[in-house]
2 protein chains.
Amino acid sequence: MNILIVEDNKELAIEVRDFLSDGGYVCKIANTCNEALDEIGGNDYDAMLLDLGLPDGDGFDVLKAVRKTKSKIAVIVITARGGLDDRIDGLHLGADDYLTKPFALTELSARLFAVIRRMHGYTLNDLVVHGFSLQLQDYKVSYEGMPINLTKKEFDIFQYLVLNKNRVITRLQLTEHIWGDILEINSDSNFIDVHVRNLRKKLDKHTTIDWFETVRNVGYRINT
Amino acid sequence: MNILIVEDNKELAIEVRDFLSDGGYVCKIANTCNEALDEIGGNDYDAMLLDLGLPDGDGFDVLKAVRKTKSKIAVIVITARGGLDDRIDGLHLGADDYLTKPFALTELSARLFAVIRRMHGYTLNDLVVHGFSLQLQDYKVSYEGMPINLTKKEFDIFQYLVLNKNRVITRLQLTEHIWGDILEINSDSNFIDVHVRNLRKKLDKHTTIDWFETVRNVGYRINT
DNA sequence: CACAGTTTATGAATATTCTTATTGTCGAAG
DNA sequence: CTTCGACAATAAGAATATTCATAAACTGTG
């Protein structure tokens, strides 16, 4: 899975690259628009992270070029958060998704994954962890061929944690990612804990889940 | 609630104006950039619909000008479908929401409403219809002071229909607006009908709801 | 170690959402 | 006017989500 990171801030680019490499992606960094255009022309990328705040030209020229020639490449646009905190529906922008700085790396990888999956249709591999196989197409999980019946929320949580395995995911991240609209959520509730608990119970029936950790004061983590 | 419609297509502008006037907004039309800038300078608008395809200049200049001087005005940018660069550029300048042509007028009014509400915080009036008062802040409804207990989905549906009162809203529109992700929804189900039914039952306890119509083959409508 | 304070886990009750099957209603065609 | 087919309303119930109260586990401190 090849990713092109178009970002002039080298520190950030490296941070992102390291994180994604960790997740099994192969990354290349382009610091300028021209570099990006060269890279895209010559290579076969699955996705591109495009920071619009580039020094040598408009980032959306890159996007335009990509959209003209390569249809199979997923693009996630990254922008600085403007004066207004309202998010705009990414689908209307022509990019496949977008993020505003600052963003959580875990959120980036989750979205990247989702976007690539959509783009490639159903050809993408299932997620596999400790014998469990997550079939993302149809929200099914199985353990060594035996299907496990998870609810949608349970699946979402499991998928998000697996996607960001070996990283602690906070309850806030889960809420943001799965429920979306934070404001409407009554936060003095432990509903995430409950879902995690139910999820664990179902997984535990099939095998030990000591790799599904609680990180006190922080959140949850799945280790591999 | 004052809205400035910046749109050179006069037919469309009038259509939008009439629709919004209907919803209780006070609208003014500007056909050109200069007109728009004049209007903004002199008056106090709550929101602006900004079509980027203007003949006499760059719609972005208008947006930029607005952002420099008036912070409390909500801007919804309207672009023709396919203008990728426009969209991204607009995002950069900080529009509050986007629509691509062609758009449903009901969707426009719903977004406009949401954007204004967000902008003004919680100072906005409640929605009122046939004695029912929808307090948007905290998802509560009351009839002549007596609270009515609606579930979230019921409230969402009620609000969307009230917001677009006197217009037929299709089941698809409700699905798109309230559930968002259409793809995950098993569409051979009548769950919307069921929610509508439950909603009606709750409203009906307090008063007759003959104003809450079913429009056969189309959808639902709330009349005033 | 014992304690208090805090965080997480658990079990159970409640509420909500969604599905399914059935019945009722409307409108067009004959 | 009747019949048929499509659509909507209804009822019941299954599945899921959330809340709540309480128990257990952990952390730091004396």
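Because only heavy atoms are used, hydrogens play no part in the values below, and waters and symmetry mates are left out as well, while side chains stay in. Proteins come first, then strands; the chains are lettered A, B, ... in the order of their sequence lines, and each starts at number 1.
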Protein-nucleotide distance (A:Glu154, atom CD; D:dT18, atom P), rounded to Å: 11 Å
Pairs where residues 10-21 of chain B contributes a residue and the test side-chain hydrogen bond (donor to acceptor under 3.5 Å, both in side chains) is met, not counting sequence neighbours: none
Between C1' of C:dT17 and NZ of A:Lys152, the distance in whole Å: 13 Å
Check: B:Asn2 main-chain N/O paired with B:Asp46 side-chain donor or acceptor under 3.5 Å: yes
Exercise: do A:Glu107 and A:Tyr160 side chains pair donor with acceptor under 3.5 Å: yes
Strand contacts (DNA chain C) in residues 211-224 of chain B, 4.0 angstrom heavy-atom criterion: B:Arg216
B:Lys28, NZ: over 12 other non-hydrogen atoms inside 6.0 angstrom: no
Spacing of B:His195 atom NE2 relative to D:dT16 atom C1', expressed in whole Å: 12 Å
Short side-chain N/O contact to D:dT18 OP1/OP2 from A:Ser189, under 4.0 Å: no
Whole-Å distance separating the CG atom of B:Asp188 from the C1' atom of C:dT20: 10 Å
CG-CD1 distance between B:Asn164 and B:Ile169, expressed to the nearest 0.5 angstrom: 4.0 Å
Distance under 6.0 Å and angle within 45° of ring axis: B:Lys165 vs B:Trp211: no
Side-chain N or O of A:Trp179 closer than 4.0 Å to phosphate OP1/OP2 of D:dA17: no
Pair A:Arg200, A:Thr214: side-chain N/O donor-acceptor within cut-off below 3.5 Å: yes
Interatomic distance, A:Asp193 CG vs C:dT8 C1' [rounded to whole Å]: 6 Å
Presence of salt bridge, A:Lys152 and A:Asp156, under 4.0 angstrom: yes
Any residue of residues 197-209 of chain B with a heavy atom less than 4.0 Å from an atom of DNA chain D: B:Arg197, B:Arg200
Selection from C:dT17, D:dT10, D:dT18 that lies nearest to any side-chain heavy atom of A:Lys153: D:dT18
d(CZ, B:Phe191; C1', D:dA9) in whole Å: 16 Å
D:dA15 phosphate, OP1 or OP2, under 4.0 Å from A:Thr151 side-chain N/O: no
Exam field: side chain A:Asn166 to backbone A:Thr224, donor-acceptor pair closer than 3.5 Å: yes
Touch class at under 4.0 angstrom, heavy-atom based, for B:Val196 against every strand present: nothing
C:dT8 phosphate, OP1 or OP2, under 4.0 Å from A:Arg171 side-chain N/O: yes
Between C:dT16 (C1') and B:Asp156 (CG): distance, integer Å: 13 Å
Separation of atom CG in B:Asn190 from atom P in C:dT25, rounded to whole Å: 17 Å
